[in-house]
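To find a chain, count down the sequence lines: A is the first, B the second, and so on, and within it residues start at 1.
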Amino acid sequence: MRRQYPFHLIEPKWQRAWDAQETFRAWNPGEAIPATHPFAQRHQLQGAEPADKLPPKFYVLDMFPYPSGAGLHVGHPEGYTATDILARYRRAQGYNVLHPMGWDAFGLPAEQYAIKTGQHPRKTTETNIATFKGQIKRLGFSYDWSREVDTTDPKYFRWTQWIFLKLYNSWLNPATNKAEPIETLVYPADAKTEEQKRAFRDGKRLAFVQEAPVWWCADLGTVLANEEVVDGKSEVGGFPVVRKPMRQWMLRITAYAERLIEGLDTIDWSDSLKEMQRNWIGRSEGAEVHFQISNSESQITVFTTRPDTLFGATYMVLSPEHKLVGKITSPEQRDAVAQYQKSVGGKSDLERTELSKDKTGVFTGAYAINPVNKEKIPIWIADYVLASYGTGAIMAVPAHDTRDFEFAEKFNLPVVQVVQPPAGKDWKGFTDDGTTVNSASSEISLNGLSTPEAKKKITAWLEEKGLGKKTINYKLRDWLFSRQRYWGEPFPIIWKNGQHEALPESSLPLLPPSLEDYKPTADGQPPLARAKDWVNLPDGSVRETNTMPQWAGSCWYYLRFLDAQNSSSFMGQAPESYWMQGKTPGVDLYIGGVEHAVLHLLYARFWHKVLFDLGLVTTSEPFYKLVNQGLILGEDGQKMSKSRGNVVNPDDIMSEYGADALRLYEMFMGPLEMVKPWNNKGVEGVYRFLGRVWRLFVDEASETDYEQAEAAQGQGNGELLAKIKLSAAIKDAPATPAQLKTLHACIKKVSGDLDHFHFNTAISALMVFVNEAITWETKPASVLREFLILLQPFAPHLAEELSEKLAIGYRPSAISPTLAYAPWPKFDPALLVEDTIEIPIQINGKLRDKIVVPSAATPAEIETIALASEKLKSFLEGKPIKKVIIVPKRLVNIVV
RNA sequence: GCGCGCGUGGUGAAAUGGCAGACACGCCAGACUUAGGAUCUGGUCCCGCAAGGGGUAGAGGUUCAAGUCCUCUCGCGCGCACCA
């Protein structure tokens with residue numbers, strides 16, 4: 001396609017101008033703002049101002065990217081453009097806008113590249129960041145680059161390590177339900193020796209060490225968190241994972257389960273996203289019930305959400321890993337049990353779930369006593385009971401639980417009805433609420449009670465008898481926080497005589513050692529273990545050789561942006577309270593992919609709550625409003641991937657159509673949250689629109705001059721832009737009422753749509769304006785200037801260039817260094833009022849005619865005019881009018 | 001299986017319960033042109049020459065009025081998935 005306008009000169013020109021001026025620098029309270037800065041001029045600020053003299057804040061954040069070697073794909077600019085448009089819109093409205101960008105740069109690819117080539121991951125990371133930054137800058141986003149952060153920069157991860165120490169040195173006080181410094185811990189009376197106290201203390205820390213079965217991924221050479229394992233495979237790469245007991249650092253996120261659920265009610269996220277988090281946390285209310293084992297001292301405790309069905313418990317099941325299995329198994333069953341345990345243990349979780357259609361299990365030979373009716377019920381082990389959930393043991397009520405029912409059918413175990421379903425439903429396998437039956441002993445009867453009533457009554461009875469208690473269980477597990485990798489934050493921890501100990505804060509940052517070889521050691525030790533000089537300290541203690549997961553750096557980067565250069569603290573109190581307090585507490589708008597719904601967003605909320613408890617931040621939630629942009633598919637409607645060959649490269653699009661066209665297209669495709677396919681023809685469409693905007697403003701003859709000069713001199717001479725003159729149709733003339741109406745309809749629509757993130761319809765409103773304005777013989781400069789302010793958030797380069805030309809032509813004194821701080825126009829409803837309006841007339845809801853009435857017409861007048869309509873005559877003939885409905889200014893409906 | 005979301009032209013999509021299809025792509029016709037993958041003008045939901053009729057996955061319902069609200073069915077997408 002022929003070049004519609006010289007974006008190849010315009011875009012670099014304005015990007016350089018913004019850089020030189022630091023146009024988008026956001027100012028903290030107390031920072032000296034140069035008088036020449038457009039922000040100071042717009043708000044008449046005199047240098048350093050306290051928070052209460054600054055305009056209200058607007059913090060708009062992107063999920064910062066992992067700078068991969070592949071560079072940007074078209075999905076990145078989607079969210080980035082949306083936030084940039086809103087940043088520019090709020091800036092024009094007079095907000096102090098914080099819009100930063102940085103790099104989530106620790107991660108596996110750089111490390112794997114290092115293993116292959118020996119190149120230090122630092123080098124790869126720097127190269128990739130440079131690539132990403134170049135591409136992002138080419139899009140003309142209004143980021144404050146003075147706040148750029150890089151999670152792999154020691155000046156940054158120093159504070160990641162520092163926050164880890166805060167976690168390490170804190171515990172959750174159940175009395176206050178808040179994290180407190182570990183010093184406030186009250187030791188139990190039986191912890192007398194320092195050793196006992198230490199064990200107690202280490203068991204309370206929010207960062208603690210656990211020897212536990214973890215997901216080991218041999219291909220990645222590391223363990224993974226539960227959340228990083230999907231369908232029994234690693235989320236990254238899809239490699240097999242196996243359960244393996246290892247010593248690991250854990251973070252006690254489970255202590256915050258309830259608050260992580262409750263906090264969702266205070267923030268503006270989509271219902272589906274909140275639901276995903278709730279599901280992940282997986283709260284369920286129920287009861288723990290203790291079952292005495294027949295002929296034994298031991299008890300089995302189970303968790304159930306249906307204590308009301310206790311009378312229907314006809315057997316019990318332990319998970320194969322349950323610690324009582326060995327103890328209670330009868331001699332006759334010992335071989336069978338051992339064999340079953342072995343076969344299950346050898347299975348990966350993938351195999352376990354894949355084979356789940358068919359239930360398996362083995363009888364232990366032991367019996368338990370049902371506490372409510374004293375019946376002796378057999379104890380089985382089966383892998384459908386998970387070791388990691390609840391108590392790892394269940395009471396089986398086959399009549400009213402699908403899984404138990406399948407198991408009972410297969411192994412011929414008794415099925416006893418205890419819930420009566422509503423009429424017409426079979427009680428076998430009925431799992432919903434009903435009426436309790438067959439549930440009475442000499443001590444208690446639940447018969448006739450509804451399921452919720454029965455739950456309450458039995459739970460109270462169990463508590464009274466000491467046989468159980470009400471319990472809340474969560475699916476959420478503690479966060480496995482260590483990785484056997486090189487390219488991550490080293491733990492500021494040393495081991496002395498087998499005990500861990502924190503390094504002092506003053507020793508941070510703790511840098512990773514340099515290595516020749518980045519592979520884990522042959523005996524499965526993390527790569528850091530290769531650096532003997534680094535690991536072994538003079539006093540005989542050794543350093544922790546695990547590193548933190550990639551999530552660590554992204555858990556708090558939004559806080560570092562508030563005060564990115566601070567070298568004495570992770571961030572200052574004053575910037576924090578200015579940027580995080582406001583009409584919306586926390587980040588005002590956070591946009592990113594839904595793939596972070598349960599990982600990053602849950603982890604970051606958890607850290608934030610700990611920091612809140614410790615008084616280090618002032619809001620209980622980090623991200624007030626969150627929007628997930630929808631995935632962009634390839635032109636074939638399939639997910640973009642190299643193997644399908646349907647990947648669209650933003651660089652190619654920018655070379656051919658310019659950054660403004662790419663920005664505009666990304667937003668014009670459809671609603672931000674929707675999944676939508678790419679269509680190159682669509683890019684051409686918005687590109688043509690930008691061309692029309694260009695031609696609305698410039699003089700054709702002068703453009704021909706420019707084109708000839710460029711053809712003679714070669715491309716790339718920005719000076720030539722000066723040859724292009726403003727169109728002679730643009731005059732410093734008063735606007736006609738019709739022109740003002742067109743403008744103000746556009747102002748209204750664009751403003752309202754931006755308030756609701758309806759970028760696509762806002763752009764269509766801009767198109768409507770241009771389609772109209774291009775027909776005007778005389779184009780008032782004042783109207784066009786207001787239009788450019790509306791266009792600026794979407795296509796900033798073009799808007800700036802045309803604004804400059806307009807200023808040179810008409811108000812040389814008003815040449816602003818940028819349009820970015822020009823006040824957003826206010827629409828005047830009075831200008832939109834029409835003298836007459838056209839309203840439709842319906843008969844029985846069907847459109848029959850349209851009439852033109854004075855807009856001030858009363859309902860009675862409208863009715864008179866409507867009934868006089870010629871067209872209506874044939875439809876009304878012979879039919880009595882029952883009713884006439886008049887909606888003022890909207891429509892008339894005649895019911896006959 | 002459970003939960004959530006969505007079904008509107010040839011395509012991407014618009015539409016506080018009040019004129020369905022704004023805006024754009026594509027297509028058709030025309031103008032300007034040596035040329036057109038540029039630009040401009042007009043047309044474009046379906047049936048019908050027209051008058052008119054039909055139409056928002058399907059069936060029912062509420063309403064003067066339903067793409068929009070309610071019930072069921074079907075289809076698609078996403079998430080969770082032996083969580084007791």
Side-chain angles (χ1 to χ4, degrees), chain A residues 1-4 230-231 270-276 278-280 282-284 286 302-307 309 313 317 319 352-353 355-357 359 382-386 388-397 400-404 406-407 431 473-477 594 597-598 628 630-631 637 665 668-671 673-686 688-689 691-692 695 700 749 752 758 760-768 770-771 774-775 838-850 874 882-887 889-896:
Chain A
M1 191 188 257
R2 182 184 173 269
R3 186 178 289 139
Q4 293 269 336
V230 177
D231 292 337
S270 71
D271 289 341
S272 69
L273 190 63
K274 287 184 182 183
E275 199 57 24
M276 270 192 234
R278 279 193 202 100
N279 287 343
W280 191 264
R283 180 186 200 273
S284 64
V302 302
F303 173 72
T304 177
T305 55
R306 293 297 300 272
T309 61
V317 188
S319 67
R352 251 167 102 155
T353 44
L355 298 171
S356 69
K357 283 142 211 152
K359 296 262 180 301
D383 69 353
Y384 83 88
V385 172
L386 307 176
S388 56
Y389 184 75
T391 59
I394 61 157
M395 64 177 212
V397 184
H400 307 294
D401 181 279
T402 315
R403 298 149 301 181
D404 297 344
E406 277 173 27
F407 192 82
T431 57
N473 237 303
Y474 302 93
K475 281 199 272 181
L476 185 69
R477 305 267 75 87
V594 72
V598 285
N628 291 123
L631 199 67
Y665 177 63
F668 189 61
M669 291 170 82
E673 287 111 314
M674 294 271 106
V675 178
K676 34 200 183 275
W678 184 270
N679 177 4
N680 244 350
K681 289 286 181 194
V683 188
E684 292 181 9
V686 295
R688 272 201 284 265
F689 162 68
R692 274 204 306 285
R695 291 190 294 277
E700 247 182 277
K749 179 79 177 144
H758 295 163
N760 54 333
T761 50
I763 292 166
S764 88
L766 294 171
M767 289 172 168
V768 169
V770 170
N771 289 346
I774 214 152
T775 67
E838 189 188 60
I839 58 174
I841 305 177
Q842 298 178 334
I843 294 175
N844 289 346
K846 280 191 199 296
L847 180 70
R848 293 305 180 191
D849 196 10
K850 292 177 186 181
S874 61
K882 277 198 205 149
K883 198 172 170 186
V884 179
I885 288 142
I886 297 179
V887 184
K889 301 192 181 188
R890 302 235 52 144
L891 118 172
V892 178
N893 190 12
I894 300 166
V895 188
V896 296

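Legend: residues meeting salt bridge (charged side-chain N to carboxylate O under 4.0 Å, His left out) with Lys475(A), ordered by chain and number and at least two apart, are absent. Taking Asp849(A) as the reference, Ser869(A) meet the side chain to side chain donor-acceptor pair (under 3.5 Å) condition, with sequence neighbours excluded. In this structure, Ser388(A) has no side chain to side chain donor-acceptor pair (under 3.5 Å) partners at least two apart in sequence or on a different chain. Partners of Ser272(A) under the side chain to side chain donor-acceptor pair (under 3.5 Å) rule, at least two apart in sequence or in another chain, are Ser270(A). In terms of the side chain to side chain donor-acceptor pair (under 3.5 Å) criterion, residue partners of Lys676(A) (sequence neighbours excluded) are, by chain and number, Glu78(A). With sequence neighbours excluded, no residue satisfies ring-ring contact (aromatic ring centres under 6.0 Å, His included) with Tyr389(A). Qualifying salt bridge (charged side-chain N to carboxylate O under 4.0 Å, His left out) partners for Lys274(A), counting only residues two or more places apart in sequence or in other chains: none. A search for salt bridge (charged side-chain N to carboxylate O under 4.0 Å, His left out) contacts involving Arg890(A) returns nothing, not counting sequence neighbours.
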Whether each nucleotide of nucleotides 10-15 of chain B has a protein heavy atom under 4.0 Å at its base (B), only at its sugar-phosphate (S) or at neither (-) is summarised, 5' to 3', as --BSS-

Walk along nucleotides 28-42 of chain B from 5' to 3' and tag each nucleotide B, S or - by protein heavy-atom contact under 4.0 Å, base first, then sugar-phosphate. ---------BSSS--

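Nucleotides rU63(B) and rA57(B) have their P atoms positioned 23 Å apart, rounded to a whole Å. Taking atom P on both rC80(B) and rC28(B), the two are 46 Å apart, rounded to the nearest angstrom. Between rC23(B) and rU71(B), the two C1' atoms lie 36 Å apart (nearest whole Å). Using atom C1' as the reference point in both rU68(B) and rA84(B), the two lie 41 Å apart (nearest Å). One C1' atom belongs to rG9(B), the other to rC45(B), and the distance between them is 5 Å to the nearest Å. Taking atom P on both rG5(B) and rC69(B), the two are 11 Å apart, rounded to the nearest angstrom.
Not a single donor-acceptor contact under 3.5 angstrom links the side-chain atoms of Lys882(A) to the base of rC64(B). Looking at Asn279(A), its side chain has no donor and acceptor atom pair within 3.5 Å of the base of rC80(B). The base of rC19(B) sits with one of its N or O atoms less than 3.5 Å from a complementary donor or acceptor on the side chain of Lys850(A).
Of all nucleotides listed (rA84(B), rG3(B), rC82(B)), rC82(B) comes nearest to the side chain of Lys359(A). For Met276(A), counting side-chain heavy atoms from C-beta on, the closest listed nucleotide (rA65(B), rC23(B), rG79(B)) is rG79(B).
Side-chain atoms of Gln842(A) and Ile885(A), non-hydrogen and from C-beta on, never get closer than 4.5 Å to each other. The closest side-chain heavy-atom distance from Val768(A) to Lys749(A) is not below 4.5 Å.
Between the side chain of Asn893(A) and the backbone N or O of Gly845(A), at least one donor-acceptor pair lies under 3.5 Å.
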Apply the test side-chain contact (heavy atoms from CB on, under 4.5 Å) to residues Val884(A) and Val895(A): give CA-CA distance (whole Å), side-chain angles for both, the deciding distance (0.1 Å), then the verdict. CA-CA 6 Å; Val884(A) 179; Val895(A) 188; over 6 Å; no

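In this structure, Pro840(A) and Thr391(A) both approach RNA chain B, and ranking their closest nucleotides by distance from the 5' end singles out Pro840(A).
Helical stems of RNA chain B (runs of at least 3 Watson-Crick or G-U pairs, donor-acceptor distances under 3.5 Å) are listed by first residue: B:1-7 with B:74-80, B:10-12 with B:23-25, B:26-31 with B:39-44, B:45-47 with B:52-54, B:57-61 with B:69-73.
Judged by the 6.0 Å and 45° rule, Lys359(A) forms a cation-pi pair with Tyr384(A).
With respect to Gln4(A), the side-chain hydrogen bond (donor to acceptor under 3.5 Å, both in side chains) criterion is satisfied by exactly one of Arg688(A), Arg692(A), Glu684(A), Arg695(A): Arg695(A).
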With the criterion being N/O to N/O and under 3.5 Å, what pairs connect the protein with nucleotides 58-62 of chain B, and how long is each?
none

